[in-house]
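Protein chains get the first letters and strands the later ones, always in sequence-line order, with residue 1 at the start of each.
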Amino acid sequence: MYCNKIPDKPVDNEKIWKKLDDLARANSLWITAYGTGCGAIELRPLHTSRFDMERFGIAMRPTPRQSDVLIISGYLSVKTLKRVIRVYEQIQDPKYILALGSCTIDGGMYFDSYNTINILDRYIPVDVYVNGCMPRPEAVIDGFILLMKKIKEGKAVGWKRYKENLEYYRKNQREIIRNWDLPDYNW
Amino acid sequence: MVTALAVFLPLLGAFLTAWLTHRNERLSLLITRLFLLAGLAAILVIAARLGAVTDGGLENTMILRTGVMTPPLSIDLKVTGWSALAAVVVYVGALLGVGRFSGRIPGTQPLLLTLVTTSLGLMFATDFFNSFVFIEIGSIITIGLTAAGRCRRRWEVALKTAMISGLVTILYLLAVVIVYRTTGELRLTAISTMTGFPAILVSGLLLTVIMTEIKAFPLSGWGLDFYQGVDKNFAAVYSSTWSLAVLLWSARMLTVLPLPDPGVLARIGAGGLVLGQLAGLRQRDPGRMMGYSTSAYASILLILAGTVHGADYLSLTLLFFTFASLSKTTVFLMADPEEEDDPWKKVSGYVLLLPLLCITGIPPFPVFWAKIRMLTVLADISPLLMGAVILGLFFESVYIYRLWSSRTGPWQKKRKYFDAAFMGAALLAAGTVWTAAGAEQGLSLSGELFRAGFVRDLFLAIFAGGTLLSLPGAFRGGPGEKSPAVWMLVSGVALTLLPLSGNGLTFYVLWEISAFAAVIGVSKGARPSEGTFWFAVFAGAAGYLLLASLVLSDGAVSSPGIPMLLVAAAALLKMGQGGAHLWNVRAYSTAPSTMAAFLSGTSSKAAVFLLVFSASAAAILPLGTSLAWIGALTALGMAAMASLESDYKKVLAYASVSQLGYVIMGIGLTSVLGWTAAIYHTFNHFLFKSILFLGAAGVIARTGTSDYDSLGGLVKRMPLTFTFTLISVIAFAGVPPLSGFGSKWLLYNALVEQGMLPLALVAMFASVVAFLYAFRLLYAVFLGQLAPRHYEVKEAPLAVLAPQGVFTAVLMALSFRPTLLLDRLVPAVASIAGLGGEIPVIEGTALSTSLGYWDAWSVGMMVMGVFGFAFVFYWISGRRPIHVGQLDIGFAGELPPSPEEVHYAGDFFRPFRRALAFLPEIHASKVFGGIVKTADLAGDVFRSLFTGDARTYLLHSLIILTVMILWMKGGTP
Amino acid sequence: MADDLMTMLRETVEDYRVIRKRHGYLHVSVPRERVMEVIVTAKSRCGKNVLQLISAVDRIERDIFQLTWILESTEDASIFMVSADYPREGCKVPTLKDMWPSAVFFERELREMFGIEFPGNPRQDEDFLLEGWEGIPPMRRDFDTLEYSMKTYGERRKREHVDPRRLIAEHTGEWDTPVPSRKEKS
Amino acid sequence: MTRLLVSVILTSLGALVYGLLLGGVSRVITASIHGRIGPRLTQNFIDLWKLFRKESSIHHGTMFWMAPMFRLTGGIGVLLLVPIIAGNSVLTNMSFSGDLLLVLYFMFFGCLGMALGAGDSGHPYAVVAVSRGLLQMSAYELSFSAAVLVLALGLGTFSIENIVSAQQGGILNWNVFRFPFATAAALITFLPMNMTYPFNIVLAPQEIPIGPPTEYSSRFLSFMFSGRAIFGVAKLILFVNLFFGGAGSWSSLLIKTFLLYMYPLFVSPVFPRFRTEQSVRFLWFVPTSLVAVDLLRVIL
């Protein structure tokens, strides 16, 4: 029922279009509209006339298949993490993760919760952290601009890291997700 | 001497067995059989000597004096060729039944043998007194045998019979007294000389006696109770001995009754036939059904007596009653008398079929030949009378079909129940061959009934090809189904011969054979009863309409006016148009799938053929617009129904009816373009509906279900079936470049050319709605999630796959080069006289009219080119995509619970239902339900006559007597 | 309504204790042997037809779980709360699933968070919020969440503390909100 | 033949560029209506390139695979069957191979392919959207084809070129003035055809994640985007040909299509979305009754 393939290690063999590709990728960031935590509420203003994220080519996509960026918006419970992993793996390469809020960095105010992860980096590769509890829309936009910069420079390679170190991430994920029933890789 | 032997041998046997019966049962039975056989031999000798079998032999006479004195003091018997042949049936019936009845209820052999003698005596009797003696003895024996066996119910029946017999005796003796007083004679023929009031009185009395005895409506009440309650084995013997004897005696009497106007008999008969059968319409008890059927034959006798004379009368009565009696005997022999509630419970409908079809007069059974001759005579006298008779016969066929189709029991294991029945069936079959061979109107397969030419050859190809290609899959039925191959072959051969038939009768016979072979084929389905019944009823109705048209137009398949109307109605019924889709849907969904493919793909084209060929265009013209509207509305309505249905085969059935709506539309336009469109679409429909149903056959054979909700995702397991289905779906949806677009293009051109824009709109809407079910069909069966229980499913069997491949190849060829067909079709259609409108021009691969143009080849090439380019471009422009699993879908981060829960198939077009909700839901089934209900109510009125109380029946007889006498009195000056 | 309840309580249980009583609000504590009886009667006789919540409090000092059933009436929105004490170890409480199907979910939650068993609830062993939790239930007070968090989710990063007031002070040159620090206050 | 091939390729490419550009314009204008700055004009090109150059993609089966090709073929096919500039022997492309009826039915080609792909993806929402889409299509095709049939009957031809040439000689000869009601109906159906508010029940991202293409990613999606852009342009040209006098030159073609494209923009941003049955009911009755007026005029 599920595809049991393990993804190949990413290879860089196309140099000709790389510059153009990175430019296009940077200027067309499509977000998976998936609110993982409290910070999702801070994303809504980005649509509005005041902040208008569309001017950067950023748009919301309702399905992970068509998007590039997954936003982890704030604290992440173990239960949500499992879904986040599935959604993240279903996004097609190249893909980026923007982590909002202190909770994603070090647990924030939920540092001693029995059910909230403390360091997001251990479970999925984060490209840009935005500090704050919660970060204001300006901060989020700032994070996006940073992400765009990283993409243009070819440094936003979290997805490559993830694929290269899949066993490491899987080990960490399986450590805390006790009823692990996800397939080998969520295609 | 031989005559005496023939008559009195059984009586001798009776004395012998009376002595033996309680001493040695087996010997007694053996002796009974020996005596009956000897009698049979004797009567055969007589029949041969009289030359009864040859023409004119029916009237040859042989007199037997049994005493030195003259009648009534001695018994004088007059044997004619006619009665000799009937006597053969009496012997045969007794022989068939004696083993079953007497074997089960010991001590009845003497009475049975006496009954045979009495029956023969009554048939041969020449004067009133002799007749009286025989009637009395016969009645008493009947009562005695009815009461035989210790059963309270039988006693009741016997008592009723006794009461009726008593009344009959009184009335009969009264009549005899008057006859003797007036004429001084007791010869039966003496009464024909009577005049004045005595004649009326005698006629009234005797007519009441006859109607009561032969159980004609409305005096049939006791007969119904009799057949329902009596021991079924005795009923078997009774049907072809005493019942037949009484019928034939009455047949003789009716010709000599001094009636002021013999036509009155026909009217009584016709009225009784219609009303009596209407009352029987809802009957569910098999025994009672046979009672109603008997009553129908009694009415037919009255009609014949009132209309037909001379040799025709003799041969008709003989054909009707001997074979009907024999059939009835056979039916009763199949009953299991131990079963009180439903003696036929364990019988499979299949074995009942032969005698029942014989009773309803389906060709080529003997009763059919009698029926068609009767109708021909009636058509000359009064078409109205003929209509009434056809209606009555149709009613009869309805409950007979119910009797047959509700028998779903498996093949009876105990052969002993069937030995006699098989004998009866064999005799019926022999009789069939004999009558069919000797039928006056010849069958011919080489006439010029239908114009030879491309169109006829095209239909020939459809019929032959469709049969051949549907056949391979039919050898192995689907889950729970039996193989319909034999019947498909019979039906298909009859269909194939259809275009070659040389006269109207041949056409009709082939049509009916094809239809009823198909009905039997349908009955092989997994749950056949409902579909079979509806199919049989509608096929029967279409057949009767066709028959009426045939008789009215004197053998031509049709001529303008009423016959054309009838033919059109028959064709519409056959194609399920205008609300008649009820049978299609029921039959197709319950039939074996290959049979459904044959029915929908091939057999339904017979109706198109009938419409295209039976009528000159001029004949159809007055009906044209109505036909076109019926077609358009059917196309739309059925498409909507198909979208909301969620059974694979039912959807295909609706779709089939819907697509045929376009054909009817095209024919209704009576223009060259319209007919070209109709015939082109007929061919297309033949191709893609065969593919679809064969595909369904494969799917159902592999998965065992036809329910959308439990299918899905089969493309991964049955890719070839999917490909074929996909191609045919695209074709029938009319999407270019496949061939369905061609028929649409032609049709719209024709419609706009005729200025029928509203019609074009309806057609357009129907074709858009067709997308709904087209997609749903593909999705619910082949796409979406594959349920785990279907993981092991294999590709469809080759026997259905290969024909699909052939059909698809033809379809593809036709799609890209429609001119292959149109090159010949257009001139052929253009040459049909009476079609107006412009003729489309074909240049190379392009087709054009004054309105527009269409070049299938270049469209096809363009699509191929662009698609190929896109494909190649995708292929070379990057990495291959990864094929993921069926549950690897973006499900909001969740793992989908199970494939079934993710598969969205139930109530697929719910908003459609909601959007339609404010419209009153018009269901053809409701309309038909209303008709049935009305008929039921009307039937109830007459059914309420039959209270089951013998006193009521006595009262009926007396009332009828009074009314008749008063009526005839009023009629004479 | 409250009078109704009081009457009922007087008739059913002798040793009940009123914890709090307001208009349309009654909270009583009853012995655990009688609690089901009280709830059933409250539903059948006093029209308390909604089960709002089943809550548990871990009173580790007294070594009990205090379970509270919160019932409400849809007629006048009055609330009736019944509390009962259960021993912490091997705590078994009767299920209410036959009276309120929704009780299944409350009971599953309690089972998961406190380890309170509800024999008779067919779904009590299904996961409710925590997927595949093992070990001591997290809402028990003898469960050390910090230790668990450290062990499971790793040591949190050292954080660099920045007082926003200092930032503002650096920017503007003065503290704009002179709030006394905790030390000064004490 | 070569000329035809070159024309076909250039037309398709031109339509792609024009379609994407129009999409950009519409996004900018919508943003302006909202009081936002909005994306770049070339945003659609960027998106397309990004999708096209994504590094991985997945597929669910053969039909899923082929659906974007179907979509592209449907778009290009309709474009090629419609004469782009009347009288220009090259830019009539393949319109010699069929008349208006063919175009009308060929418009289903892409939809059907798309629906099949969505079905093969095995995603329930994709199929829910297909169900809605087919229903809505059945509704708007009724009135659109009614309008077209009225035109055909009124002008006595199914040939698009003839329809265009019948409209020459003054602006009052345009079908929009000859058959105002039919045109109005057709313009109403133009909204659901382009899946704009209030008829965008198919791609309703908030209800059913983006509908049929919900499982499509990367290059598949880029093919579908291109197909949709080209199909959009083809529809514009068809409408211009049918109702607005056709195009005699490049300039008039660009102006007319551009103006026609702007029209939904001024309807859609201010409307909420219909429910499916509301949409279907509206499209069954309102535009159809409009056509009926012209139908009666033509018949009587």
Partner chain D: residue of [options] with the largest heavy-atom pair count (under 4.5 Å):
| options | value |
| --- | --- |
| B:W854, B:F908, B:F871 | B:F908 |
| B:S850, B:A870, B:A760 | B:A870 |
| B:Y748, B:F722, B:Y853 | B:Y853 |
| B:P736, B:G784, B:S858 | B:P736 |
| B:D855, B:L751, B:L757 | B:L757 |

Identify which part of [X] has an atom lying under 4.5 Å from any heavy atom of chain B, answering side chain, backbone, both or neither.
| X | answer |
| --- | --- |
| D:V150 | both |
| D:V298 | neither |
| D:F70 | both |
| D:I58 | both |
| D:I76 | side chain |
| D:F96 | both |
| D:L116 | both |
| D:L153 | both |
| D:V127 | both |
| D:R132 | neither |

Report yes if the side chains of [X] and [Y] come closer than 4.5 Å at any heavy-atom pair, otherwise no.
| X | Y | value |
| --- | --- | --- |
| B:L726 | D:M63 | yes |
| D:T288 | B:L761 | no |
| B:V863 | D:F106 | yes |
| D:W65 | B:P881 | yes |
| B:V859 | D:L102 | yes |
| B:V768 | D:F108 | yes |

Measure the spacing between [atom1] of [X] and [atom2] of [Y] and express it to the nearest 0.5 Å.
| X | Y | atom1 | atom2 | value |
| --- | --- | --- | --- | --- |
| D:L101 | B:L747 | CG | CG | 10.0 Å |
| B:D888 | D:H59 | CG | NE2 | 12.0 Å |
| D:S131 | B:Y904 | OG | OH | 4.5 Å |
| D:H60 | B:I882 | NE2 | CD1 | 12.0 Å |
| B:Q785 | D:S121 | CD | OG | 8.5 Å |
| D:S57 | B:Y874 | OG | OH | 4.0 Å |

Heavy atoms only, distances under 4.5 angstrom: which of [options] has the most pairs with chain B? Name it, please.
| options | answer |
| --- | --- |
| D:L112, D:L135, D:V8 | D:L135 |
| D:V280, D:L80, D:V128 | D:V128 |
| D:M137, D:H123, D:R275 | D:H123 |
| D:G122, D:S97, D:G119 | D:S97 |
| D:A146, D:A139, D:A118, D:A115 | D:A115 |

With a 4.5 angstrom heavy-atom cut-off, could you sort out which part of [X] is near chain D: side chain, backbone, both or neither?
| X | answer |
| --- | --- |
| B:L847 | neither |
| B:H883 | both |
| B:S877 | both |
| B:F741 | side chain |

Give the C-alpha distance, both sets of side-chain angles, the deciding distance and a yes or no for side-chain contact (heavy atoms from CB on, under 4.5 Å) between D:E215 and B:I889. CA-CA 7 Å; D:E215 276 295 299; B:I889 52 175; 3.7 Å; yes
Can you list the steps and then say if B:W745 with D:Y105 is a side-chain contact (heavy atoms from CB on, under 4.5 Å)? CA-CA 10 Å; B:W745 186 85; D:Y105 271 92; over 6 Å; no
What closest approach, in Å, do [X] and [Y] show between heavy atoms, and which atom pair accounts for it?
| X | Y | answer |
| --- | --- | --- |
| D:M66 | B:F867 | CE-CZ, 3.9 Å |
| D:L134 | B:F771 | CD1-O, 4.2 Å |
| B:M764 | D:S145 | CG-OG, 3.0 Å |

Assess the residue pair B:F869 and D:L72 against the criterion (side-chain contact (heavy atoms from CB on, under 4.5 Å)); give the C-alpha distance rounded to whole Å, side-chain angles, the decisive distance to 0.1 Å, and a yes or no. CA-CA 10 Å; B:F869 165 76; D:L72 196 62; 5.5 Å; no
When only heavy atoms count and the cut-off is under 4.5 Å, which of residues 774-781 of chain B reach chain D? B:F775, B:L778, B:Y779
Is the ring pair D:W284/B:F912 parallel, tilted or perpendicular, if the boundaries are 30 and 60 degrees? perpendicular
Under 3.5 Å: donor-acceptor pair, side chain of [X], backbone of [Y]:
| X | Y | answer |
| --- | --- | --- |
| D:D120 | B:L783 | no |
| D:E141 | B:F765 | no |
| D:S159 | B:G852 | no |
| B:R879 | D:E55 | yes |

Are B:L851 and D:D99 close enough, and set up right, to give a side-chain contact (heavy atoms from CB on, under 4.5 Å), and what steps lead you there? CA-CA 9 Å; B:L851 283 165; D:D99 51 19; over 6 Å; no
